Each structure stands twice: as C-alpha cells, then as structure tokens.
Amino acid sequence: MATMYDSLDAVKAEILNCMKCGNCQEVCPIYLEEKKEGAVARGKIKLVDAVLKGDLEYTEGLAEKLALCLTCKACVKHCPCGVQVDKIILAARSALVKKKGLHPIKKAIFGTLKRPGLFNMGMKTGSMFQGLAFKKHKTLNGAYPRFPFGLDMRRIIPPLATTPLRNLLPEVIKVDKPVKKVAFFTGCTMNFIYVDAGKALVDVLKANNVEVIIPKDQHCCAMPVLAHGDSDTVKEMAKSHVDLFSKLDVDKIITACGSCGSMFQKHYLEIFEDNPEYYAKAKKIADKIMDISDFIVKEIGLDESKLGPVNMKVTYHDPCHLNRGMGVKDSPRQILKAIPGLELIEMKHADRCCGSAGSFSLTHYDLSMSIHKHKIDNIKATKADAVVTGCGACIMQLGDGMNRFNHNVPIYHTVEILAKSYAAKKKSEKSAS
Amino acid sequence: MLSQNILNELIKIVGKENVLTSKEDLITYSFDGTADVPHILPDVVVTPTTKEQIVKIVKLASQHKIPITTRGSGTNLSGGTIPVENGIVLSMLKFDKILEIDAENLVAVVQPGLVIQRLNEAVAPYGLIYPPDPGTVTTATMGGSVSECSGGLRGLKYGVTKDYVMGLEVVMANGDIIRTGGKTVKNVSGYDLTKLFTGAEGTLGIITEITVKLIPAPKYRRSMLAIFDNIENAGKAIADIIKNQVIPATLEIMDNVTIRTVENYAKIGLPTDAAAILVIEVDGSVEQVVLNEFDTVQRICKEDGATQIKIANSDKERDSIFAARRAALPALAQVKPTTVLEDATVPRSKIPDMLKALDEIAKKYNLKIGTFGHAGDGNLHPTILTDESNTEEMERVHKAVDEIFKVALELGGTLSGEHGIGMAKAKYMELQFGKEGMAVMKKIKDALDPDGIMNPGKMFGGN
Ligand SMILES: Cc1cc2nc3c(=O)[nH]c(=O)nc-3n(C[C@H](O)[C@H](O)[C@H](O)COP(=O)(O)OP(=O)(O)OC[C@H]3O[C@@H](n4cnc5c(N)ncnc54)[C@H](O)[C@@H]3O)c2cc1C
Ligand code: SF4
Ligand code: SF4
C-alpha cells in the first residue's frame, strides 16, 4: 500500500467526502484575508481533484495555491463532513515535489538538515545557520534574514542563543526516587532560541521528581520539511528519530510544541504506512508522546501546594497544532488558572492561527502579518500584561507581530509561568524559614 | 475566451489583483454548493470594491455582450453561480460594508458582499436581530441570500428573507442604477420592484445595496425534541400545534433514514427505530407566554402519541438538540459520495402525504432517500444519497427527482421553498407555471435584460 505521500490516490476518499458546502469559509484565516475561492479549503480540494481527474497539470500556479495553507486545521475541526483537509494539502505538496522537484534553495537547506550526523549541524553551532540566514538588526534585539530567495527582509527574528539548550544541559538529569522517567524532545525553537523556556521545562520536571533524558542526537522534527512536500527527507529524519527514541526506556516523551508533537503522534505514522516494521516502532513512540502541560496535569497531577503567586494578567493563545493537532487546550488553562495571583483573560478567537505556520511567515510575510494583526488586536483588547502560549513558532510570530503593531507585552511559554510559580513558592518558603 | 483588450479594460477598472484569469483560479469558480450539476469555467473572475466599478464592468459587458454571473459566497444549492455561458464571474466579497444601522427605525443598510452573521453581530448591541437564518448564516452573503430569498430554521414564525428586504439598489443590465423601496414600513408607490429583485437569482440585475428590517431579539426561548413511532402522528402534532395558535420559531422534522444516519454519525442517543423526530422551539419577549406555549406544545405532542419528549433545561442541552438537527445534512452526506438535496415544499397539512410519497419513490427506484426539513412551513429536504460516477444509478436518481417534483406540485406545493431554481431546476419550471406563466416571466426578463447577459442559463434553462 502506498502512503499518502507517495500517491494522491490515498487521499481520494478524503476528497470525495467534501460536499462543497463552503462552511470552511467561516474559519479559514487565509480565505478571510484573501476572499478568493482558491484560498479556502474547498477550492484547494477542487484543484487537487482536478489533478486526479487529469484536468490540471502539476503547474506553478497549482504550487502557489497549495502554498496558501497554514495547515492550521481550523477547517478540519469545523467541517461538517470531517474532511481532513491538511492531509489532502500535504499529500498534494508531496506529489508536487515528486513530480517537479524541490526548489533548489529549499533543497540545499533540507539537504543539510537530513545528512546523517549533520541533522544538528544546521543550527547546532548557531553561527553556521545564523551566518547564512540572519544578519543582526541595528537597533532591535533581533535579526533580519538574508536568504536570497524572496524571503521578506522586514521580518524580525530573535537572535540565536549563544549556547543551544542541549549543549547547556546534561544528557541525563537524575532526581532522587523518580516518580517517572521521561525523554524531552526539545524541538528547534527551544534548543536554539528559547533556551530559558527549555530550562524552565526541565526545572518543572525536576520539581515533580521526574527523571529527564535529553537525547543529544535528536534533531528537527521535520515539520518544516513536510510542509514543503519533501517527504523523502521526512522519511529519513523520521527513521532516525524512531531509531533513537526506540532505544530509550522511558515512560513518556515530552514535547513543548504542538508541531513537534503532531509529527511524532501522527505524521511519522503516515510516513511509515507502507513499512510495517517502522510503523510498529513509530506507533510505540507515538503512544508515549505527551505535551508538557498535559503531562503535568494528567500524568503527574497538578500539585497546588507547590504553586506560589505570580501576579499577572495573562491571555492564552492556542497553537493550532497543540490544540487541534494534539487536542491540548484545557491543560494549559488549568495550570494558569491554578496559579495564585494570576488572572487568565480569554481573548476573542484564541484558537485562530497566528499566521506563522512555520516557514509560511517567511514565504508569505505580508499575508502572514495581516492574519496576525487580528491576533494582536484581540490580545490588545484583553488588556493583559502578558501572552502565554505553548509553541516556540507562535512565540516567534507573536514577538515579530508585537514589534510591528506596537504592542509590547512579554510572551511566555506555559511552562515558564509554571516554573515562575514554583520558584515563587520556594522563595517564600525560604524567607519563612 | 475574452480578448486581451477586454481583460485590460477590466484591469483598468478594478486593478490587476482583482482580475483572475489563471486556469487554477478559474477552476475554483467553476462550482458552488450544488451536487450533480456540471462544473463550468468562467473566462475571468472580477472582484469590484465600489459601485462605480460595478457600473463600469456592466457597461463593458453590455457593450460586448459578455455574460455576468454574480457570486456571493457560492453556497447556493441550485447551481445559481455556475457560469453556464462562461464570461465574467463577478465576486461581491470585497463589497461588504455595513453602511448604516438605524436602531431607532429598526433598519440597516448594507452592501451585498456582507456575510449575514456580521450584520447580526453588529446589531446585537442594540438588542436587535436580522431573523433570516439559513444553515449558512455564517458564510452566505446578504446579496446571495436576498437573491435566493433564503429561508431557514425560523421561517415559520419570522418569515423569510423577502419579509425583511425593504429596499434595494440595483445595477441594471445596461449599467443604469435604480433604487427600489426604502426605509418606510408603508410604501405603495409604483410596482413592488423590491420583491421582483428579491429571489431573482441575479438574472435581472446586480444588487449593490440592501436596506433591511430588524426586529427586537426575543428574550426567552424553550426547546424540546419529540419522538414519534409513526409519521401520521408526527404530522398530526405539527398541524395541531398550529391549530392551537402556537407558532413555534422552529418546528423541524427528521425521518427515520435521517435519524439512523445521524445517530450512526454522531452517536448522540437518538432512538433509531423512531419514525420521526420533531425539534421544536418557542420564543418570545414575555416569559409567561413562552412557558404557556411550551406547555401547550408538550401537551399536544403527548396527546398525538409522542413516545418520548426531551426538554432542554440548559443552553447546553438546547445546543445538543439543535446539533442533532444540524447534523442531518452532513451525516447524510457521509453515506455516499454524492448528495442530491431537494427542496420541494408542500402545504403544512400535506407533510405526511409527502413523506409517504417519498418513501414510495425511494422504494420504486431503489434509492436511499433521507428526509428532514422545516416541517412547520412544509419545506422538506428529501436528500438522495448516491454516487455521481454510477451512471445507471444517476438515471434512477433523475427519474426519482422528476417524480418528487410532480408529487409536490400535485399536493399543491412548489419546486423550491428556499434554495432557488438556478440551473438545477430550470427544466421543471413550466410544470409549475405553465406556458403562459413562463411567458410572463420571460417577458420581464427580456425587458430588463434584452441581451441575456445577467446570469444566463438559470431559471429558464438555456435559451
Ligand atoms: C449546508 C448548507 C445549508 C443551507 N441551508 C439553507 C437554509 O437553511 N435555507 C436556505 O434558504 N438556504 C440554505 N442554503 C443555501 C444557500 O446557503 C443560500 O441560498 C445562501 O443564501 C446563498 O448565499 P451566497 O452568498 O452563498 O450566494 P451565492 O451562492 O453566491 O449566490 C446565490 C444566487 O444569488 C445571486 N447573487 C449573489 N449576489 C448577488 C448580488 N449582489 N446581486 C444579484 N445577484 C446575486 C447569484 O448569481 C446566485 O444566483 C444552504 C446551503 C448549504 C451549503
Ligand atoms: S467545510 Fe468541509 S465539506 Fe464543506 S466545503 Fe469545506 S472541506 Fe468541503
Ligand atoms: S488548514 Fe487552515 S489555512 Fe489551510 S485551508 Fe484549512 S483553515 Fe485554511
């Protein structure tokens, strides 16, 4: 059986399921900006259908249309027929790459990402990636990208950490009498940019008596590669991860980003649909994947006696792949609501995409920012002093958006707030004793 | 194919970004919400943002006799936005402003590209609503729903779109702009052109401004679900509720095929052996009246043999009752690749006859037909579950559809209660109106659109 990444036929049933009712128009962030049928789910489905029926070739125009999707799954959640639109889009992008080849520059980048032993190199030394991709912004604490292939030059990207998280922390972090043993999949953003959030996550696990392994040989989850349709590279990267994590004897594998989590939970399985050996291994790993907030709430149990006050008014942004991908939306809120002194103010459309979608924000900067503007407006309306979310790519987009739309409040990962609360408790206990 | 000159003219009028000509773009405008109709590509998709642009486009089209198919959100169910003779698809989605909310006079003025729900959101702070609520209220446009004269779940008590359209501005086929009706409740000056353009499906002109009536939002509501083990009893309950002078806001029915499909799809605990389920909601601004009416409805359902009644005691329970009804179409659509949704409407008292006839038609042609709909106003949606690629079965489907319309007309009904004629039902029009009736309509059409450039191929079939 061919996988959906090898043959479009595998998504035929999904395509047939679409009754063209147009309900997806209500929620598709891209359609709401563009107001064009080619931008909404049913239009893109119709195009893939046309390819399958032989009415349309694998054209440049088709590639442009298929690029217009954040894979935010808002349509999937909303669709009365349950059409898995993102599956159709990803399969079609893969088919396009197979037919037309990958854009030479993307090929170069993904090539570096996948070469064995070089998985990490892409960003490991920091300087290598940074030297290639970013130049420091003069006044802001950020950098402009300088890829030569039409990336928008205005985007502000935070500087890479001088030392990545995985070099900063030991590979195994022992605790006394551990209640659980977990592996931590850091993802790129926590490893290379939001190192503090990564440290906070480890602190939180330690505070709950959890032993943590941070496998050194882990690398990018391959979501950006999958999003561009380079499924052969995804396969190699997935294999390497499956091999790596199969060797570990852990209760759970913790992620702190919905996209990384979804890759392990869902897309690796899709990739190995035609490979029973790897499918079985990947399935075992998929079953162990858990988002950090879900792990704390559902696996460990939120211990309120550990929580000290964090006096802040915050609002929470739902990352698409965390919410609709992994189904995690209550746990982060439960954590925030349990923290004394912290007030959670819900924003309008908290679950609408921030427009980042990983590299979409690089390739379609203006559109990405006009989608993001609504997010910032909704954040402003809550008058919160900080934004909390559960995904590094969203934090990056929010940072850029705040800059652009002049709203300057700090952005935290959920786990950072939890770590703050633990620290506050510890501090008050110390001063009491 | 349009000449490059004409395309250049269009670009001059609306700008390059609002003129789409790539094959990929055109394919995405070759269809709408309708199943079992051909998909046809336009030559160009033009998206105007001002009235002046629309006038210029129409004048250009009129000069070169280029067909114009006006399009809102393309959710209609009668092939109304399929560009049968190619030409221009005129997308109204960027012409979508609310021009005025006059809360004192209970009136709003909007541009046609506005999504219906945006109007409701804008008038909610004044305690007002715009009642017409087709299932697509969060996607369909004001222009599209006025042009189809859409109904919805509240039609029985609150009426349909035409009951709320007070005035229109229309660009005619020659580029003239006319205004009809106005803001006053009473208005008998001249022919009622507002009604003529409401439900005209874009075949007489392009609506560029809509003045609608608003009403105060009802403050109280009570909802329930009543289960019946035979159709006659359900039909009797429908008739008896109205006979007892209760007009529910919602009075919806689902037949056994629909119930079983919904249950299989949503697993919400519906009794799969039931013959019919009614979803009933009464509402109003005086609590006691609402409660009294609700008691009456309950009593009647019991007297007429409802085997079970489920009352919604919270908003959440209400949502789940309505979710069952709303799941009807999507659930049926899951069963087979193609869902042919009809819209034949009969007088309320004939609902049991119609349901029985549908059952017989399903048997006769060996087809699966699920029926649900707005029982209170006799507007049923018999839904044939089939597969477009099965030519033999599609032949039976078409025969069954012919028969459904024949029965509906025999029972004193009509071809379409709310979805419109479009291209899908054009061939049945003469059956309902006779040669003479069609001749009158054709004369009106020819007088207003002599070159036949306004949405050709609809309402009258191909010329
Ligand atoms: C799942 C589903 C449920 C539905 N439920 C209901 C329901 O409960 N009740 C109901 O009545 N309908 C229902 N419909 C049908 C449809 O949603 C309505 O007819 C809707 O009002 C159409 O609006 P639109 O903006 O999509 O119009 P479109 O489909 O774009 O256009 C409809 C017609 O209007 C014309 N038109 C559009 N704009 C203009 C304009 N500015 N000037 C002149 N002509 C114009 C078009 O040419 C076309 O003939 C449903 C459809 C679906 C898919
Ligand atoms: S909501 Fe689902 S079924 Fe409806 S048009 Fe969109 S993808 Fe198709
Ligand atoms: S996944 Fe998101 S961006 Fe893509 S079609 Fe669906 S709603 Fe639109």
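This structure is a prediction, so every number in the text was calculated from the model and none was measured. Throughout, a chain's letter reflects where its sequence line sits, starting with A, and its residues are numbered from 1.
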Okay, A/Cys81 and chain B: the region with an atom under 4.5 Å from a heavy atom over there is both
Among B/Val115, B/Leu93, B/Asp96, the residue with the most heavy-atom pairs under 4.5 Å to chain A is B/Leu93
Here the gap from B/His39 atom NE2 to A/Lys46 atom NZ, rounded to the nearest 0.5 Å, amounts to 4.5 Å
Turns out that what part of B/Leu77 lies under 4.5 Å from chain A's heavy atoms comes down to neither
Could you check whether any side-chain heavy atom of B/Lys23 comes within less than 4.5 Å of a side-chain heavy atom of A/Leu56, counting everything from C-beta outward? yes
Are any of the side-chain heavy atoms of A/Lys36 and B/Ser91 separated by less than 4.5 Å? no
When the 4.5 angstrom heavy-atom criterion is applied to A/Glu57 and chain B, the contacting part is neither
- Message: With a 4.5 Å cut-off on side-chain heavy atoms, are A/Glu37 and B/Arg71 touching?
- Response: yes
- [ ] Could you tell me whether the side chain of B/Glu24 and the main chain of A/Lys65 form a donor-acceptor pair under 3.5 Å?
- [x] no
The interface call for B/Glu388 against chain A, heavy-atom contacts under 4.5 Å, is neither
Under 4.5 Å to a heavy atom of chain A? For B/Thr339 that would be neither
Got more than 12 heavy atoms from elsewhere within 6.0 Å of NZ, B/Lys267? yes
The interface call for B/Thr338 against chain A, heavy-atom contacts under 4.5 Å, is neither
Under 3.5 Å, is there a donor-acceptor pair between the side chain of A/Gln25 and the main chain of B/Ser73? yes
